[in-house]
Number of protein chains: 2
Amino acid sequence: MNHKKEFIELLENNQLKKTSTRFTVLNILKSRESAISQPELEAMLGKKVDRVTLYRTLSTFEEKGIIHKVLNINGTANYAFCSSSCNEHEHHDEHVHFNCTKCLSIFCLDHTIISPITLPEGYILKSLNLIVYGLCKKCNQVS
Amino acid sequence: MNHKKEFIELLENNQLKKTSTRFTVLNILKSRESAISQPELEAMLGKKVDRVTLYRTLSTFEEKGIIHKVLNINGTANYAFCSSSCNEHEHHDEHVHFNCTKCLSIFCLDHTIISPITLPEGYILKSLNLIVYGLCKKCNQVS
DNA sequence: TTAAGTGCAAAATCTTTGCAAATGT
DNA sequence: ACATTTGCAAAGATTTTGCACTTAA
């Protein structure tokens with residue numbers, strides 16, 4: 001599938017230039033079911049893109065609300081597309097993230113529901129982040 | 001309050017030697033309502049303890065199930081005591097962590113309940129980690 | 001006494017910064 | 001042409017490793 005049009009719009013909406021690095025990164029993110037880490041991305045890009053550029057690309061995308069960061073079980077940042085309601089000022093990625101403890105993949109379980117949380121007196125909830133650890137579909141079958 | 005006896009027992013149960021560094025770190029952790037980061041701990045210990053020793057102390061405690069790590073909004077590791085059911089082989093810290101976006105403190109909300117999550121077919125849940133972002137009691141009052 | 005723990009120096013990683021060259025508009 | 005973006009080199013920050021010295025048991 002070709003998402004070129006979608007990506008062009010996305011970059012234009014965020015006042016970002018349409019560079020080849022950005023298209024490549026967007027393509028990789030789109031092609032994956034699970035979130036991807038910076039080192040993995042780096043490996044996939046090979047020598048075509050400088051590591052520094054990748055760092056900058058990811059942080060730009062994050063600032064603009066195009067992607068979001070999920071920390072895996074080891075504290076490594078993984079990146080995935082944000083839901084369409086995110087923007088530069090607010091992020092809404094309150095879905096469940098599933099971190100497979102075997103293959104370390106992170107999946108965004110968009111349709112898994114989090115029931116409302118009641119906090120103690122005085123605490124104000126702004127957003128939340130639920131990470132579930134366990135075995136993903138694939139690793140579950142293999143073992 | 002003096003927790004010396006409790007700490008002695010804790011270290012003995014885990015086949016760890018009772019060194020002054022370990023007592024100091026345990027005291028700091030016990031004295032705090034919220035989880036504490038490695039840099040904060042380092043600052044509190046001053047020059048008395050080498051940074052490397054602190055790293056090793058924290059990772060030993062973590063392996064033994066004495067403390068657990070919570071990643072804050074910036075991905076910095078914060079440490080707090082585990083519930084008493086944790087051990088070397090299994091961790092059970094499935095309570096809610098509250099990360100204040102103003103003072104960045106992390107509180108373990110032990111009595112806040114997480115309702116059961118239903119995962120898609122094929123996924124197996126092992127443990128989960130819910131981080132709520134917002135304003136803590138103190139910061140809520142001030143603002 | 002001796003295994004575990006510590007401190008120091010140095011290596012290995014990871015991330016950021018400055019600046020000149022390249023690229024998109 | 002001009003503002004952004006990129007690549008390279010280098011600085012900073014963080015974490016790990018090796019090894020000799022110290023300490024708890």
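Every chain is numbered from 1 and lettered A, B, ... according to where its sequence line falls, protein lines coming before strand lines.
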**Q** When all nucleic acid strands are considered with a 4.0 Å heavy-atom cut-off, which category describes Lys48(B): base, sugar-phosphate, or nothing?
**A** sugar-phosphate
**Q** Round to the nearest Å and state the distance from Lys64(A) atom NZ to dT4(D) atom C1'.
**A** 12 Å
**Q** Give the rounded distance in Å between these two atoms: CG of Asp50(B) and P of dC21(D).
**A** 17 Å
**Q** At under 4.0 Å, does any side-chain N or O of Thr53(B) touch on OP1 or OP2 of dG7(C)?
**A**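 Thr53(B) to dG7(C) OP1/OP2: side-chain N or O found under 4.0 Å.
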**Q** For the pair Lys137(B) and Glu121(A), find out whether any cationic side-chain nitrogen is under 4.0 Å from an anionic carboxylate oxygen.
**A** no
**Q** Is there a side-chain contact between Leu58(A) and Glu62(A) (heavy atoms, below 4.5 Å)?
**A**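 Side chain of Leu58(A) against side chain of Glu62(A), heavy atoms only: no contact under 4.5 Å found.
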**Q** Between C1' on dT13(C) and CD on Glu42(A), what's the gap in Å once rounded to a whole number?
**A** 11 Å
**Q** If you check the Arg22(B) side chain, which of dT14(D), dG5(C), dT5(D) turns out closest?
**A** dG5(C)
**Q** In terms of the nearest nucleotide of DNA chain C, which residue is placed more toward the 5' end: Arg51(A) or Arg56(A)?
**A**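 The residue whose closest nucleotide sits nearer the 5' end is Arg51(A).
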**Q** Nearest whole Å is fine: how far is dA10(C) C1' from Tyr55(B) OH?
**A** 15 Å
**Q** So does Thr21(B) get a side-chain nitrogen or oxygen closer than 4.0 Å to the phosphate oxygens (OP1/OP2) of dG5(C)?
**A** no
**Q** Check whether any side-chain nitrogen or oxygen of Thr57(B) sits under 4.0 Å from OP1 or OP2 of dG5(C), and answer yes or no.
**A** no
**Q** So does Lys17(A) pair up with Glu12(A), basic N to acidic O under 4.0 Å?
**A** no
**Q** If I take atom CG in residue Leu11(A) and atom P in nucleotide dT23(C), what distance separates them, rounded to the nearest angstrom?
**A**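 About 18 Å, once rounded to whole Å.
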**Q** Among the candidates dC14(C), dA24(D), dT6(C), find the nucleotide nearest to the side-chain atoms of Lys17(B).
**A**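 Among dC14(C), dA24(D), dT6(C), the one nearest the side chain of Lys17(B) is dA24(D).
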**Q** Between Val52(A) and Gln38(B), name the one whose nearest nucleotide on DNA chain D is closer to the 5' end.
**A**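 Checking each residue's closest nucleotide, the 5'-ward one belongs to Val52(A).
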**Q** With side chain to side chain contact (heavy atoms under 4.5 Å, CB included) as the test, pick out the partner of Lys64(A) among Leu16(A), Leu11(A), Leu10(A).
**A**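 For Lys64(A), the side chain to side chain contact (heavy atoms under 4.5 Å, CB included) check succeeds only for Leu16(A).
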**Q** In whole angstroms, how far is the C1' atom of dA3(C) from the NZ atom of Lys18(B)?
**A**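 The distance from NZ of Lys18(B) to C1' of dA3(C) comes to 14 Å, rounded to the nearest Å.
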**Q** Send over the distance from Leu45(A) CG to dT6(D) C1', rounded to a whole Å.
**A**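 Whole-Å distance recorded here is 14 Å.
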**Q** Relative to each other, are the rings of Phe107(B) and Phe98(B) parallel, tilted or perpendicular (30° and 60° limits)?
**A**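 Tilted: the ring planes of Phe107(B) and Phe98(B) meet at 30° to 60°.
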**Q** For dT6(C), take OP1 and OP2 only and decide whether either is under 4.0 Å from a side-chain N or O of Thr19(B).
**A**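 Yes, such a contact exists.
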**Q** CG of Leu41(A) versus P of dC14(C): gap in Å, rounded?
**A** 14 Å
